[in-house]
Amino acid sequence: MPAGEGEQASRPALILVTGLFFLWGVANNLNDILIAHFRHVFSLTDFQSGLVQSAFYLGYFCFAIPAALFMRRFGYKAAVIFGLLLFASGALLFWPASVELSYGFFLAALFVIASGLAFLETAANPMVPALGPADTADRRLNFAQAFNPLGSIAGISLGAVLILSNGAGAAADAASVRLPYMLIAAIVLVWALLLHHTPLPAAATRGERGDAGGIGGLAAYRALLGRPRYLAGVAAQFFYVGAQVGIWSYLIRYVGVALPWLSQRDAAWLLTGALILFMIGRFTGSALLARISGARLMLAFAAINAVLCIVAAAMGGAIGVTALLLTSFFMSVMYPTIFVLALRGLGPLTKPGASLIVMAIIGGAVLTAAMGLVSDRTGTIRAAMLVPALCFLVVGLFARLHLGDAGGHKGTA
């Protein structure tokens, strides 16, 4: 066993790595604010303002595999630091974009940010399990992921206070993005510096030079295509992210139809409530994993969410809204648990395997569009909730595949 293989990360190292999940939560949910803000500043159509998310998903999709190749060559730590530098660079580009008053420039900046986040997510998700014992990997990753919705709430709050337009004019409104994004850039650069100077276990820092393990480059991806369980994990992540993004994207609209006496601002507060439930679910799920296997817990949560989405589609009103809000609690453990289960047993294929799972985030774009199409064709947003119901069934089937695995019948305390 190589030196340092059995090491565990120090507490400062764990804090810094866990903080990454908070940071990309801030960036992701600031997009919800930017969509509304840019629609006003640049007088955009709904399709044009939606390009904010398109730029983001494209960045993830394009850079997940390069991130994996970089990570394989230089290790998790180097990939995370490089991702942080890209993240900060994209945030800094918001200043010249606001000066030029160019929507295209803003989209380019968002693409750079998302490219950095692709490196962070591709490296940080498998990095957390590498920072300690394998039998508690799912608990550790679920705990780290619990800080992602906390970052999401912080991002929405930051944007609402500092970005949303006050009608001061296009130039002044565009300039309102400078302070929050310069603040983000400063924090991200400090985080990269701290992480650079923090010792980590060898498993989190070493790369694989040459043909380590006999599998490298494109050969690794060809090998992954021969692993049906792993491919099932990629599919499960695609459908999970589609369900999550779709539900949150259409929650305000659903509330507007189900509870028409509520204002759009009130509906937005309900979205914040959904994120809070998501965060509580992450911490609760992390605790439950001390007694219940990740596969068993995810199977139960997926089944509950499929039922809740069907209730939201069938009932509407306060019952439908309550059902839709509750889905956020139960979807909380799914992303990290799918990650751990899909990568289990991949050995030297773990790093390229992580990249394809991150690429599966494109499900958020594809299935959210599918929900919109269902709503348009049926004339009711309620019917669109059948799409995430189907998604959660797919996630449940993937969990069921892993019930017989080692550790599948008892907790992983």
Side-chain angles (χ1 to χ4, degrees), residues 16 19-39 41-42 44 48-71 77-125 148 151-152 154-156 158-159 162-163 173-196 245 355 358-359 361-362 364-365:
L16 287 172
L20 298 173
F21 294 79
F22 178 91
L23 290 174
W24 78 61
V26 172
N28 274 293
N29 284 87
L30 263 174
N31 288 348
D32 299 329
I33 297 295
L34 291 178
I35 289 172
H37 185 65
F38 288 155
R39 183 186 293 116
V41 172
F42 296 104
L44 303 174
Q48 289 169 329
S49 63
L51 292 176
V52 164
Q53 296 289 20
S54 299
F56 230 72
Y57 286 120
L58 187 62
Y60 271 104
F61 188 79
C62 290
F63 280 87
I65 288 179
L69 297 175
F70 184 99
M71 180 172 60
K77 182 177 179 179
V80 164
I81 292 173
F82 185 70
L84 287 169
L85 295 177
L86 277 176
F87 184 179
S89 299
L92 290 171
L93 287 174
F94 267 63
W95 188 290
S98 67
V99 172
E100 293 292 327
L101 201 59
S102 168
Y103 184 50
F105 202 153
F106 278 118
L107 293 181
L110 285 166
F111 180 83
V112 175
I113 289 176
S115 301
L117 298 186
F119 274 81
L120 292 187
E121 292 209 39
T122 302
N125 280 290
N148 182 255
S152 298
I156 290 176
L158 183 70
L162 297 179
I163 293 179
D173 288 338
S176 67
V177 303
R178 295 175 189 171
L179 176 59
Y181 276 90
M182 295 310 104
L183 179 62
I184 288 171
I187 293 172
V188 168
L189 287 172
V190 169
W191 217 261
L193 185 63
L194 291 173
L195 194 58
H196 175 71
V245 174
S355 70
V358 171
M359 287 180 72
I361 199 172
I362 199 71

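Here the structure is a predicted model, which means the values were calculated and not measured. When reading the values below, keep in mind they use all heavy atoms of this one structure, side chains included, and skip hydrogens, waters and symmetry mates.
At least one side-chain heavy atom of F63 sits less than 4.5 Å from a side-chain heavy atom of F119. In this structure, Y181 and I113 have side chains that are in contact, with non-hydrogen atoms separated by less than 4.5 Å. Using a 4.5 Å heavy-atom threshold, the side chains of L110 and F94 count as touching. Put simply, the side chain of F105 does not reach to within 4.5 Å of the side chain of S98, judged on heavy atoms. Here the side chains of L193 and I81 are not in contact, with every heavy-atom distance at 4.5 Å or above. Between L117 and N28 the shortest side-chain heavy-atom distance falls below 4.5 Å. Annotation: side chain of L84 is in contact with side chain of L20 (closest heavy-atom distance under 4.5 Å). Between L194 and V190 the shortest side-chain heavy-atom distance falls below 4.5 Å.
What you find for V26 and A154 is that their closest heavy atoms are CG2-CB, 4.3 Å. The shortest non-hydrogen separation linking L120 to V80 is CD2-O, 3.2 Å. Closest non-hydrogen pair, V99 versus R178, comes out as CG2-NH2, 3.5 Å. Of all the heavy atoms in A123 and M71, the pair that sits closest is CA-SD, 3.4 Å. Contact record, L86 with G116: CB-CA, 3.5 Å, taken as the closest heavy-atom pair. Contact between K77 and H196 at its shortest, heavy atoms only, is NZ-O, 3.3 Å.
With rounding to the nearest 0.5 angstrom, the OG atom of S115 is 10.0 Å from the OH atom of Y60. For the atom pair W95 CH2 and L179 CG, the distance stands at 9.0 Å (nearest 0.5 Å). Taking CD1 from I184 and CG from L189, the interatomic distance works out to 12.0 Å, rounded to the nearest 0.5 Å.
A distance-only check finds a donor-acceptor pair linking the side chain of W191 to the backbone of L16 [under 3.5 Å].
A tilted orientation is assigned to the rings of F42 and Y103, their planes being inclined by 30° to 60°.
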